[in-house]
Every structure is written in C-alpha cells, then in structure tokens.
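Okay, structure first, notes after.
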Amino acid sequence: MAGLIIAVDGHSSTGKSTFAKIIARKMDLVYLDSGALYRAVTLYAIGAGLIAEDGTVDAAQLDRHIAEGKVDIGFIRDTDSGTYVIALNGKSVEGRIRMLDISSSVSRIAEIPCVRRHVDSVLHRYGAQGCVMDGRDIGTAVFPDADLKLFMTADARVRARRRLLEMEQKGEKADFEAVYRNVLERDYIDSHRQMNPLRQAPDAVVLDNSDMTIDQQLAWLSDLLKQRFGITI
Ligand code: DC
C-alpha cells in the first residue's frame, strides 16, 4: 500500500480523523491531519498579536511573517506512539492547538490565501510519498489525483450534539444552541471562502453518518476497502 494517497474530506464533527486514523492503520500508511497545520498557524498568529479582539486577522503581517520563514509548521514523529504530532517552530504543540481559543479563530486564518499556500506546500512535502490525510480540500485541491477520496457528512444538529458531548467529556461548558450555531458558522466559512472551499470532489465516495453507529461505519469502510484495495479489516 506504500505510495497510496487517501483523502478524507468533509464537514466538521463528522469523525473524519477517527476514520482516517483507522484507514491509515489498516493500510500501513502515515496519517496526516491537515487541519492541525491551520491550527498551528493560528497559534502563531495569536502569539504574534496578529488577531484583534474582534477576531480580525492582520493578513498582510501574517503573510510577511510566513515569507520571512517565521512560521515553521510541520509534523514530528512521536517516538512513544509512532504517530505524527504537530510542530510549530520545532516544538510540539499537539495539545495546545485543540484548545478553544484556537478553534474559535482557525477558520478565519484558514481563509487567508498565503496561509493556504503555506499549508499546502507543507502537506505536499510530508504526504506525497503516501498517506491518509483528512481535511476540507484534500481531494479537490491538495491531492486531486488521490487514489481514494471519501467525503464525510452528517446532519448539522447531529454534529452539534456530538460536539457538545465531546466538550462535556472534556469538562468544557457549552449549550446546545451555541454549539449548533458554531457548527453552522464553520460550515458556512469552510464552504464559502474564495480559495479552495469545502466541496465534494466529483469522484469522492460519500459517507453520511447521521444515522450510523461506529460499527455500521466500520462495516461500510470494510466493504469499501475490500472492493477498492482487496483489504479485509
Ligand atoms: O479539522 P479541524 O477542525 O482541525 O480544522 C481546523 C480548521 O482548518 C477549520 O476551520 C477548517 C480548516 N481546514 C481547511 O480549511 N482546510 C483543510 N484542509 C483542513 C482544515
């Protein structure tokens, strides 16, 4: 399976990363989380004071910092788990980039063309030799010739309930309507930005998991991998 590129795109809170990790394990491929790179750039922008109180990003300054090589993002191998973790200027920021302040600002950062070009070049550097990569534009823009493209979606209310549950499990307080609004807002931003918006690639296989359990999704995946690659999971 070496050298294959599998793209897993779709809406937020549809379980893309869980799926992508399973596929990577089954196919002995590296898993790469493209959203994590946008999160790492967001962390940089917060630290450099480039995001104003009202959420506006100083895109021109960020562009300059990227051009000057100050925003070094990438993946480093975690020797304990053997998986890749995200690094900003040489240091792992894996835990930090999942926090709420990053989640609130990242979609604004991901709209900026110079950021997308920077992230894309890093994704190509790490993924071109074969990987399972999840994101929003992997099958349409980053690797349009990927060997398999999945597009994951689910009803927005179902996704909001899942997100709320995750937050509650982490001890974060939130109310359903606020989380639901955030899900809709993220969908809107992801699918309306000018450069490489979230779109289903014409040759993607769609998985709508609104009414599916994890076991049902795994059975679906198992059939797909068997049919496409002759793999039994
Ligand atoms: O999947 P995630 O929530 O970690 O993604 C973080 C943000 O990055 C989210 O706003 C969507 C954006 N993103 C993107 O625009 N393109 C990608 N390939 C991956 C993520």
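Just the heavy atoms: all of them, side chains too, but no hydrogens, waters or symmetry mates, feed the values below.
Remark: F75 engages Y126 in a ring-ring contact (aromatic ring centres under 6.0 Å, His included) (not counting sequence neighbours). Among residues two or more places apart in sequence or in another chain, the ring-ring contact (aromatic ring centres under 6.0 Å, His included) test is passed with F229 by none. In terms of the side-chain hydrogen bond (donor to acceptor under 3.5 Å, both in side chains) criterion, residue partners of R96 (sequence neighbours excluded) are, by chain and number, D101. Taking P144 as the reference, nothing meets the side chain to side chain contact (heavy atoms under 4.5 Å, CB included) condition, with sequence neighbours excluded. With sequence neighbours excluded, no residue satisfies side-chain hydrogen bond (donor to acceptor under 3.5 Å, both in side chains) with S92. With sequence neighbours left out, D211 forms a side chain to side chain contact (heavy atoms under 4.5 Å, CB included) with no residue at all. Partners of D120 according to the side-chain hydrogen bond (donor to acceptor under 3.5 Å, both in side chains) rule, which considers only residues two or more places apart in sequence or in another chain, do not exist here.
Annotation: ring-ring contact (aromatic ring centres under 6.0 Å, His included) contacts involving residues 204-223, sequence neighbours excluded, are absent. Sorted by first and then second residue, the side chain to side chain donor-acceptor pair (under 3.5 Å) pairs with a member in residues 163-174 read R163-E166; sequence neighbours excluded. Sorted by first then second residue, the salt bridge (Lys or Arg N to Asp or Glu O under 4.0 Å) pairs that include residues 223-233, not counting sequence neighbours, number zero. Every pair passing side chain to side chain donor-acceptor pair (under 3.5 Å) that includes a residue from residues 149-161 is listed here, sequence neighbours excluded: H11-T153, K149-D203, R159-D187. The stretch residues 30-62 participates, sequence neighbours left out, in these ring-ring contact (aromatic ring centres under 6.0 Å, His included) pairs: Y44-H65.
Closest of all the heavy-atom pairs between V122 and G74 is CG1-CA, 4.2 Å. When all heavy atoms of V30 and G130 are compared, the pair lying nearest together is CB-O, 4.4 Å. A156 and V183 make their closest contact through O-CG1, 4.0 Å (heavy atoms, listed as atom of the first residue, atom of the second, distance).
Open room surrounds CG on D28; 12 or fewer heavy atoms of other groups in view lie less than 6.0 Å from it.
D134 contributes no side-chain N or O that, together with a main-chain N or O of V8, makes up a donor-acceptor pair within less than 3.5 Å. Using modelled atom types, one side-chain atom of H124 and one backbone atom of V142 make a donor-acceptor pair closer than 3.5 Å. Side-chain atoms of S121 come within 3.5 Å of backbone atoms of H118 as a donor-acceptor pair (strictly under, hydrogens ignored). Between the D9 side chain and the F151 main chain, no donor and acceptor come within less than 3.5 Å of each other. In this structure, the side chain of R116 engages the main chain of A110 through a donor-acceptor pair within 3.5 Å.
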>> Set out, in order, the CA-CA distance, both residues' side-chain angles and the distance that settles side chain to side chain donor-acceptor pair (under 3.5 Å) for T56 and D54, then state yes or no.
In response: CA-CA 6 Å; T56 316; D54 67 357; 2.5 Å; yes
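Interatomic distance, CE of M27 versus CD1 of I233, reported as 10.0 Å (0.5 Å rounding).
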